There are 2 protein chains.
Amino acid sequence: MGNTVSEAVETRRARIARRQVDKFGERRAELAAAALHTLAELGFARTSLREIAQNSEFSHGVLHYYFSDKADLLTEAVRQFEEICVTRYDELVAAATSADGLRTGFADAMAATLAADARVHRLWYDLRNQSLFDDSFRKDVLELDERRTDMIWRVVDRYAELAGATVTVAPRIAYAMLDGIFEQALLRHLCDDDNAVRDLPAVVANVLTAIIAKA
Amino acid sequence: MGNTVSEAVETRRARIARRQVDKFGERRAELAAAALHTLAELGFARTSLREIAQNSEFSHGVLHYYFSDKADLLTEAVRQFEEICVTRYDELVAAATSADGLRTGFADAMAATLAADARVHRLWYDLRNQSLFDDSFRKDVLELDERRTDMIWRVVDRYAELAGATVTVAPRIAYAMLDGIFEQALLRHLCDDDNAVRDLPAVVANVLTAIIAKA
DNA sequence: CCACCGCCTTGACAGGTGTCAAGTGAAAAC
DNA sequence: GTTTTCACTTGACACCTGTCAAGGCGGTGG
């Protein structure tokens, strides 16, 4: 790189342009976050652009400045949602030293996220359900579902290994079973059934022991 | 019944009144069926009264003649939906003579209803999901979920009995696991994955064997 | 024959929706 | 200092939604 005036101007311009791009992206992210919050609160059906804007610090018109479309906004929100929603449990797997420890740790972690992130979880199920009727988000849903499957499988596989056993079901089945358990618990929890969170750890532990067999 | 004129008139009047009552109820049922069909096709979010009417042979105004409200109509539709959705598998349980037979029969029946009634099933999941955000249908959803739990448990319990074994999970857990499996298969099936229906029987059989233990 | 009533259609209403054009005010560019 | 550009607001549009009032049409009762 040189040091002439024109080049200095170039880099300054580039930096400004970069900063503008970043600012543009940041605003998109900020608005997508507002959309996400609204979606988690109201569900897909009742979420309108004006409602999203009201959950941000801007007016409703700005959404069409940063997004071409409502679908564009929701897609961005879902992408952002993926980042939040998938990565869990991995530290648990890394730190586990015994089958029993991993089992109870995983079961407790599931109950914890059920209690803490119930709204986000129901949004995930809402999204997946939408894709049963409308194919706009199917690709994202299937991809996310696969990442969740992998995530669960890492736990189950390691658990069996620590127990000196083998898993008797395929990854997808293990995921579907535990997901069904979680969905059921989520329903109970959101119906103000306090037992849901309390009972979940024992249920999850029960399922884990049921799907492995001593080698 | 008598044969005097007055009595004949009475019975005729009564019959007319009865017929009118019946006709009123029949129309309600007919319109609720149209609503059900529309719901299964479009999902809760995109179902409007005009669309429902267009799936019947009447105009949209008639809905407010037979129903006080949109909620009233949807409630009636859901009630009707319950009748369709719950009773299955019982004949299977009654006719079963061996554990293996019941297992494969149940697994095949699940795959069959997955293929045949996919739209109705997705409506059920849509309904249950709505109740995560809105409490209007929670009572119906919880009741229906319980009936489905019982239905599944009758199969699982009888299966273990025939196998000379005991079930290692509670009824609600068995239901949640199998429901998760089915929901996953439904997603795949509606994404035009032909393997979904084909693979389901083996998966269900796998789960059944995993949740019992020889006494 | 006329009046009435049950069943249904038509058309309108108020409110909400996604979308977009016009405009504003401030900061940047020259 | 003027012009241009950016970031955002405002207000409007066409459309769709649930709701309901007004009216028509056919059959029944008097």
Side-chain angles (χ1 to χ4, degrees), chain A residues 5-6 8-32 34-35 38-39 42-77 130 134 136, chain B residues 5-6 8-32 34-35 38-39 42-77 130 134 136:
Chain A
V5 172
S6 70
V9 169
E10 272 307 284
T11 56
R12 217 190 77 201
R13 277 192 188 159
R15 210 186 322 146
I16 287 172
R18 171 87 56 90
R19 223 186 100 203
Q20 279 171 351
V21 168
D22 281 349
K23 196 147 199 175
F24 191 81
E26 279 172 23
R27 267 293 133 80
R28 269 179 73 95
E30 187 179 347
L31 291 170
T38 312
L39 285 168
L42 300 178
F44 259 79
R46 275 180 279 280
T47 293
S48 72
L49 293 182
R50 283 168 176 80
E51 193 76 30
I52 293 173
Q54 215 153 8
N55 279 22
S56 77
E57 48 181 345
F58 305 101
S59 72
H60 71 275
V62 82
L63 293 172
H64 273 274
Y65 183 80
Y66 286 99
F67 300 93
S68 66
D69 206 274
K70 187 185 185 183
D72 187 22
L73 167 59
L74 295 191
T75 300
E76 181 69 23
Q130 287 300 315
D134 176 16
S136 358
Chain B
V5 172
S6 71
V9 168
E10 272 308 282
T11 56
R12 217 189 76 202
R13 279 195 186 156
R15 212 186 320 148
I16 288 174
R18 172 87 57 91
R19 224 183 101 203
Q20 281 171 348
V21 168
D22 281 349
K23 198 148 197 175
F24 191 82
E26 278 172 24
R27 270 290 134 82
R28 269 179 72 96
E30 188 179 349
L31 292 170
T38 312
L39 285 169
L42 300 179
F44 258 80
R46 276 179 278 280
T47 294
S48 72
L49 292 181
R50 281 168 177 81
E51 193 77 29
I52 292 172
Q54 214 154 6
N55 279 24
S56 78
E57 49 181 346
F58 304 102
S59 70
H60 71 274
V62 82
L63 293 173
H64 274 276
Y65 184 79
Y66 287 99
F67 300 93
S68 65
D69 206 86
K70 187 185 186 184
D72 187 23
L73 167 57
L74 294 191
T75 300
E76 182 69 22
Q130 287 299 316
D134 177 14
S136 356

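All chains are named by letter (A, B, ...) in the order of the sequence lines, taking the proteins before the strands, and each is independently numbered beginning at 1. These numbers were taken from a predicted model, which means no experiment stands behind them.
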Starting at CD of A/Glu51 and ending at P of C/dT17, how long is that distance when rounded to a whole Å?
8 Å
Can you sort out the partners of A/Ser48 under side-chain contact (heavy atoms from CB on, under 4.5 Å), two or more places apart, ordered by chain and number?
A/Arg50, A/Glu51
Round to a whole Å and report the spacing from CG of A/Leu49 to P of C/dT19.
6 Å
Set of residues satisfying salt bridge (Lys or Arg N to Asp or Glu O under 4.0 Å) with respect to A/Asp69, sequence neighbours excluded:
none
Please report the interatomic distance OH(B/Tyr66) to CG(B/Asp72), rounded to the nearest 0.5 Å.
14.0 Å
Excluding sequence neighbours, so at least two apart, what forms ring-ring contact (aromatic ring centres under 6.0 Å, His included) with B/Phe67?
none
Starting at atom CD of B/Glu57, determine the distance to atom C1' of C/dC7, rounded to an integer number of angstrom.
13 Å
Please enumerate all residues that pass side-chain hydrogen bond (donor to acceptor under 3.5 Å, both in side chains) together with B/Asp134, with sequence neighbours excluded.
B/Ser136
Give the nucleotide from the list C/dC20, D/dG18, D/dT9 with an atom nearest to the side chain of A/His64.
C/dC20
For A/Gly61 and A/Arg46, find the nucleotide of DNA chain C closest to each by heavy atoms; which residue's nucleotide sits nearer the 5' end?
A/Arg46
Got a sec, which residues hit ring-ring contact (aromatic ring centres under 6.0 Å, His included) with B/Phe44, two or more places apart in sequence or on another chain?
B/Phe137
Could you list all N or O pairs between the protein and nucleotides 12-15 of chain C that sit under 3.5 Å apart?
residue : atom : partner : partner atom : Å
C/dA12  : N6   : B/Arg50 : NH2          : 3.0

Separation of A/Phe58 atom CZ from D/dC6 atom C1', in whole Å?
14 Å
OP1 or OP2 of D/dT17 under 4.0 Å from side-chain N/O of B/Ser48
yes
By side-chain hydrogen bond (donor to acceptor under 3.5 Å, both in side chains), which residues pair with A/Gln130, not counting sequence neighbours?
none
Atom CG of B/Leu42 to atom P of D/dT17: distance rounded to whole Å?
10 Å
Between residues 65-74 of chain A and DNA chain D, which residues have a heavy-atom gap below 4.0 Å?
A/Tyr65, A/Tyr66
Would you compute the distance between atom CG of B/Leu63 and atom CD1 of B/Ile52 and round it to the nearest 0.5 angstrom?
6.5 Å
Let me know the distance between CZ of B/Arg28 and P of C/dC7, rounded to the nearest Å.
13 Å
Separation of D/dT17 atom P from B/Ile52 atom CD1, nearest Å, is 11 Å
Rounded to whole Å, please give me the gap between NZ in A/Lys23 and P in D/dC6.
14 Å
Sequence neighbours excluded, which residues qualify as side-chain hydrogen bond (donor to acceptor under 3.5 Å, both in side chains) partners of A/Thr38?
A/Asn55
